[in-house]
Amino acid sequence: MTIYDKKKKYEKMTFYKRPKDTRYYLYLSGVNAGTLLIYDIICDFYNSELGYAYPSQDRLALESGMGRDTVGNHIKKLLDCGLIVIQTEKRSRTYNRYRYIPQMPLNKYELFRNYPKALKKYEQAEKKVEDRYAEVETITNSKDLRL
């Protein structure tokens, strides 16, 4: 195995940029790592000349290792939270083709201003982390006093 260093260039590997602020979307109800993986794959398939990404749900399922229904649920969540816009192209009476237009995520502050429940969830998680470290520090200090 090789250590990954984001500042290095790697031959025969392709990378794409991912906005860091998407991680805060995890505090929205129903959004999880799978949702953000589908967003990442849609961004990867985005064609700037056409102005959209056009992978089928079957392709998204294949690329993510998820089931087609799960992918559909993640797409709905991405649409609900504004990370994608969907254009529908009617191909026949029974078949539509979807075009996905990935949107720039809100930054942390805009997201939490627009979704106060997500802010509350984030603050609760942050407090748990702070409490955990305060507890470790208290235990460490009490050990030092006994020495």
Mind checking what makes salt bridge (Lys or Arg N to Asp or Glu O under 4.0 Å) contact with Lys20, not counting sequence neighbours? none

Residues at least two apart in sequence or cross-chain that pass salt bridge (Lys or Arg N to Asp or Glu O under 4.0 Å) with Asp40, listed by chain then number, are Arg18

In Å and rounded to the nearest 0.5 Å, what is the [atom1] to [atom2] distance from [X] to [Y]?
X     : Y      : atom1 : atom2 : value
Ile42 : Ile75  : CD1   : CD1   : 5.0 Å
Cys81 : Asn114 : SG    : CG    : 11.5 Å
Ile38 : Leu83  : CD1   : CG    : 12.5 Å
Tyr46 : Ile84  : OH    : CD1   : 13.5 Å

Distance-only donor-acceptor hits, side chain of residues 98-108, under 3.5 Å, sequence neighbours excluded:
| from | atom 1 | to | atom 2 | distance (Å) |
| --- | --- | --- | --- | --- |
| Arg99 | NH2 | Glu89 | OE1 | 2.9 |
| Gln103 | NE2 | Ile101 | O | 3.0 |
| Asn107 | OD1 | Tyr109 | N | 3.0 |
| Asn107 | OD1 | Glu110 | N | 2.8 |
| Lys108 | NZ | Tyr122 | OH | 3.3 |

Going through the distances and angles, do Leu28 and Leu111 end up as a side-chain contact (heavy atoms from CB on, under 4.5 Å)? CA-CA 9 Å; Leu28 294 175; Leu111 180 76; 4.2 Å; yes

Taking the side chain as C-beta and beyond, is there a heavy-atom pair between Ile86 and Leu78 under 4.5 Å? no

Min side-chain heavy-atom separation Tyr52-Val85 under 4.5 Å: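 Counting from C-beta outward, Tyr52 and Val85 never come under 4.5 Å.
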
By side chain to side chain contact (heavy atoms under 4.5 Å, CB included), which residues pair with Ala61, not counting sequence neighbours? Val71

Would you list the pairs meeting side chain to side chain donor-acceptor pair (under 3.5 Å) in which at least one residue belongs to residues 59-84, sequence neighbours left out?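 Listed once each, the pairs are Thr35-His74, Asp58-Arg68, Arg59-Glu63.
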
Check whether more than 12 heavy atoms from other residues, nucleotides or ligands sit under 6.0 Å from atom OH of Tyr54, and answer yes or no. no

Closest non-hydrogen atom pair between Ala33 and Leu26, with its separation: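 Scanning both residues completely, I find the closest heavy atoms to be N-CD2, 3.6 Å.
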
Tyr27 and Phe112 aromatic ring geometry - parallel, tilted or perpendicular at 30°/60° bounds: perpendicular

By the salt bridge (Lys or Arg N to Asp or Glu O under 4.0 Å) test, which pairs, at least two apart or in different chains, include something from residues 111-129? Lys127-Asp131

